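See structure below.
No experiment lies behind these values; they were computed from the predicted model shown. Heavy-atom basis, side chains included; hydrogens, waters and symmetry copies ignored.
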Amino acid sequence: MRFIYLTMACLALPVVLSCGSTGRIMEDGRIYVENDLPAPTDPRTTNEAVVTYFDEDLSREVTMIVPPEGGRKALGSECPEYGSEGKLFKGGTEVTVHIRTKTTGEAEEDIVVTVDGNRTIRIVRMAYQSGSFEYEVR
């Protein structure tokens with residue numbers, strides 16, 4: 001009788017362990033913002049991206065400016081607490097990144113990124129007709 005219970009327990013163990021799990025652990029990583037907008041031709045604009053996120057560890061909003069023409073920065077890279085490499089987020093963390101472009105007719109967007117290794121939000125171009133910008137997360 002004991003053999004039957006032991007066999008059933010051994011057969012049920014893989015099923016119990018797999019329930020609710022994808023079997024994959026998300027990796028820690030940094031979130032970068034890359035600004036591929038061109039250099040401004042209008043002296044009233046900068047084509048900079050003003051990037052803000054709420055840092056729970058610091059209990060405050062963190063802001064940085066990413067210059068145009070391929071400027072790239074990691075979130076938190078301007079905070080002395082994290083150094084120039086920026087903040088390392090735990091895998092699976094969802095971070096809401098607010099980006100405002102300083103161009104002719106400012107555009108704003110909240111982008112939610114789930115950390116699974118290093119991620120990059122790339123600002124591709126302005127969509128002047130709609131007053132927004134195009135981006136991709138990779």
Side-chain angles (χ1 to χ4, degrees):
M1 189 71 149
R2 186 179 284 178
F3 176 75
I4 293 173
Y5 289 128
L6 183 59
T7 303
M8 287 175 37
C10 288
L11 292 175
L13 186 61
V15 174
V16 171
L17 291 177
S18 67
C19 288
S21 171
T22 62
R24 185 175 171 288
I25 298 172
M26 296 181 129
E27 296 179 28
D28 297 349
R30 291 181 169 79
I31 299 174
Y32 296 90
V33 176
E34 184 176 316
N35 183 355
D36 283 342
L37 295 178
T41 55
D42 184 340
R44 295 172 292 166
T45 65
T46 62
N47 282 3
E48 295 174 331
V50 179
V51 181
T52 307
Y53 77 100
F54 185 80
D55 190 306
E56 293 181 8
D57 294 333
L58 301 177
S59 298
R60 65 179 170 91
E61 269 192 353
V62 175
T63 302
M64 66 181 189
I65 296 176
V66 182
E69 292 196 313
R72 184 174 194 253
K73 291 184 179 180
L75 294 184
S77 62
E78 295 180 353
C79 289
E81 293 89 350
Y82 301 123
S84 62
E85 290 186 10
K87 180 173 181 167
L88 182 64
F89 293 91
K90 291 197 66 66
T93 303
E94 282 192 357
V95 181
T96 300
V97 181
H98 182 82
I99 298 177
R100 180 172 51 93
T101 56
K102 296 175 84 174
T103 62
T104 304
E106 294 181 357
E108 296 183 64
E109 189 82 35
D110 283 333
I111 303 165
V112 178
V113 178
T114 302
V115 177
D116 187 10
N118 291 341
R119 304 296 307 269
T120 299
I121 302 169
R122 181 175 164 250
I123 302 169
V124 181
R125 69 176 77 65
M126 284 298 298
Y128 294 103
Q129 311 86 317
S130 65
S132 63
F133 58 89
E134 294 177 25
Y135 67 90
E136 62 185 26
V137 178
R138 47 187 169 136

| query | Same cluster or not: are Val97 and Val50 linked, directly or through other Ile, Leu, Val, Met, Phe, Trp or Tyr residues, by side-chain heavy atoms under 4.5 angstrom apart? | reply | no
| Single-linkage hydrophobic cluster, 4.5 Å side-chain cutoff, Ile65 and Met126 together | no
| said: To the closest 0.5 Å, what do you measure between CD (Glu134) and CG (Asp36)? | reply: 12.5 Å
| note | Value for CD (Glu136) from CD1 (Ile123), rounded to nearest 0.5 Å, stands at 11.0 Å
| Beyond-backbone contact of Leu75 with Val51, side-chain heavy atoms, under 4.5 angstrom | yes
| remark: What one should report as the nearest heavy-atom pair of Lys90 and Asp28 is CA-OD1, 3.3 Å
| said: Applying a strict under-4.5 Å side-chain criterion to I, L, V, M, F, W and Y, I'd like to know whether Val66 and Val137 cluster together. | reply: yes
| task | Working to the nearest 0.5 Å, report the span between CG of Asn35 and NZ of Lys73. | result | 10.5 Å
| Asn118 side chain to Arg30 main-chain N or O, any donor-acceptor pair under 3.5 Å? | yes
| Smallest separation among heavy atoms of Ser77 and Ser84, with atom names | CB-O, 3.4 Å
| message | Can you confirm whether Phe133 sits close enough to Ile99 that some side-chain heavy atom of one is under 4.5 Å from a side-chain heavy atom of the other? | response | yes
| field | Any donor-acceptor pair under 3.5 Å from Asp116 side chain to Glu27 backbone | value | yes
| Closest approach of Ala107 and Ser132, non-hydrogen atoms and distance? | CB-CA, 3.6 Å
| message | Can a donor-acceptor pair be found, under 3.5 Å and without considering hydrogens, that links the side chain of Lys87 to the backbone of Tyr82? | response | no
| CD (Glu81) with more than 12 external heavy atoms under 6.0 Å | yes
| said: Regarding Arg138 and Glu34, does a basic nitrogen lie under 4.0 Å from an acidic carboxylate oxygen? | reply: yes
| note | Heavy atoms of Tyr135 and Ile121 approach each other most closely as CD1-CG2, 4.4 Å
| request: With rounding to the nearest 0.5 Å, note down the distance linking OG1 in Thr52 to CD in Glu108. | output: 9.0 Å
| Under 3.5 Å, is there a donor-acceptor pair between the side chain of Asn47 and the main chain of Pro68? | no
| query | Quick one: OG1 on Thr101 to CD on Glu109, what's the gap to the nearest 0.5 Å? | reply | 10.0 Å
| message | Minimum heavy-atom separation for Pro38 and Glu69, please, with both atom names. | response | C-CG, 3.9 Å
| query | In terms of hydrophobic clusters joined by side-chain contacts under 4.5 Å, are Leu58 and Phe89 together? | reply | yes
| query | CD/Glu94 to OG1/Thr114 distance, rounded to the nearest 0.5 angstrom? | reply | 4.0 Å
| field | Any donor-acceptor pair under 3.5 Å from Asp55 side chain to Glu61 backbone | value | no
| request: Before giving the answer on side-chain contact (heavy atoms from CB on, under 4.5 Å), spell out for Val33 and Met64 the whole-Å C-alpha distance, their side-chain angles and the decisive distance to 0.1 Å. | output: CA-CA 10 Å; Val33 176; Met64 66 181 189; 4.2 Å; yes
